[in-house]
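Have a look at the structure below before the remarks.
Just so you know, residue 1 is the first one in the sequence shown, and it goes up from there.
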Amino acid sequence: MKYEIGARIRTYREKARMSQRELANTLGVSNTRISNWEQGVNRPDAEMIGALCHALNVSPSRLLGIRISDRELTDKENDIIDAYRQKPEMQHAVDVLLGLAEDK
């Protein structure tokens with residue numbers, strides 16, 4: 001049986017620009033354990049989910065692939081917010097396009 005959480009761990013690890021070894025060191029586990037999770041051989045136990053979320057800077061619902069409510073943001077919406085925060089010189093223009101600010 002393959003576990004789907006492995007693909008999400010890999011995706012968020014790569015997004016965080018971490019190697020398997022770096023994530024393993026952060027969590028205090030072996031590199032093989034990370035590899036096994038990502039390959040779907042096995043999955044992290046419940047106690048490890050919180051540490052993974054913290055290390056990868058991702059919410060538990062995103063890591064587990066579940067949506068708690070309709071108000072929860074999608075991955076794309078979170079990516080848009082991250083891009084917005086990284087480009088302060090563009091924020092006013094985006095605000096104007098969205099009708100959130102007056103055009104200067």
Side-chain angles (χ1 to χ4, degrees):
M1 174 178 196
K2 288 238 178 199
Y3 297 106
E4 293 181 20
I5 190 173
R8 287 188 293 278
I9 292 171
R10 181 177 184 176
T11 296
Y12 291 118
R13 177 183 58 76
E14 290 174 346
K15 190 173 182 177
R17 294 188 168 105
M18 294 178 81
S19 68
Q20 286 183 344
R21 183 172 307 283
E22 289 169 326
L23 180 57
N25 288 339
T26 299
L27 298 174
V29 299
S30 70
N31 191 43
T32 303
R33 195 165 175 195
I34 302 295
S35 179
N36 285 342
W37 292 342
E38 290 186 1
Q39 292 177 39
V41 174
N42 54 35
R43 61 184 168 203
D45 56 28
E47 291 82 24
M48 190 58 66
I49 297 296
L52 268 167
C53 290
H54 182 72
L56 299 174
N57 194 29
V58 63
S59 70
S61 57
R62 287 177 74 191
L63 184 65
L64 296 172
I66 56 174
R67 289 195 67 184
I68 304 297
S69 74
D70 292 338
R71 301 259 327 142
E72 191 169 340
L73 300 178
T74 65
D75 285 344
K76 182 172 182 161
E77 290 167 333
N78 278 304
D79 290 345
I80 290 167
I81 291 168
D82 290 343
Y84 178 87
R85 289 177 177 163
Q86 292 172 14
K87 301 202 182 244
E89 69 278 5
M90 300 295 294
Q91 291 173 0
H92 180 71
V94 171
D95 292 347
V96 170
L97 286 170
L98 295 174
L100 300 173
E102 298 285 324
D103 190 13
K104 290 184 180 181

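Between E4 atom CD and I9 atom CD1 the span is 12.0 Å, to the nearest 0.5 Å. Residue T11 holds its OG1 atom at 11.5 Å from CD1 of I5, rounded to the nearest 0.5 Å.
Side chain of R8 to backbone of L64: a donor-acceptor contact under 3.5 angstrom is found. Using modelled atom types, one side-chain atom of R13 and one backbone atom of M18 make a donor-acceptor pair closer than 3.5 Å.
The 12-atom threshold is exceeded at CG of D45, counting heavy atoms of other residues, nucleotides or ligands nearer than 6.0 Å.
Residues forming a salt bridge (charged side-chain N to carboxylate O under 4.0 Å, His left out) with D79 (at least two apart in sequence, or on another chain): K15. R10 meets the side-chain hydrogen bond (donor to acceptor under 3.5 Å, both in side chains) test with E14; sequence neighbours excluded. Shown here are the salt bridge (charged side-chain N to carboxylate O under 4.0 Å, His left out) partners of E22, two or more places apart in sequence or in another chain: there are none. Residues passing the salt bridge (charged side-chain N to carboxylate O under 4.0 Å, His left out) test with R62, sequence neighbours excluded: D75. The side-chain hydrogen bond (donor to acceptor under 3.5 Å, both in side chains) check on S30 picks up nothing, with sequence neighbours excluded.
Across L52 and L23, no two heavy atoms sit closer than the pair CD2-CD2, 4.1 Å. The two residues L73 and I81 come nearest to each other via the heavy atoms CD1-CD1, 3.3 Å. Residues R33 and V29 share a closest heavy-atom pair of NH1-CG1, 3.2 Å.
In this structure, the side chains of L27 and P44 stay at 4.5 Å or more apart for every pair of heavy atoms.
Clustering of Ile, Leu, Val, Met, Phe, Trp and Tyr by side-chain heavy atoms under 4.5 Å joins L98 with Y84, V94, L100.
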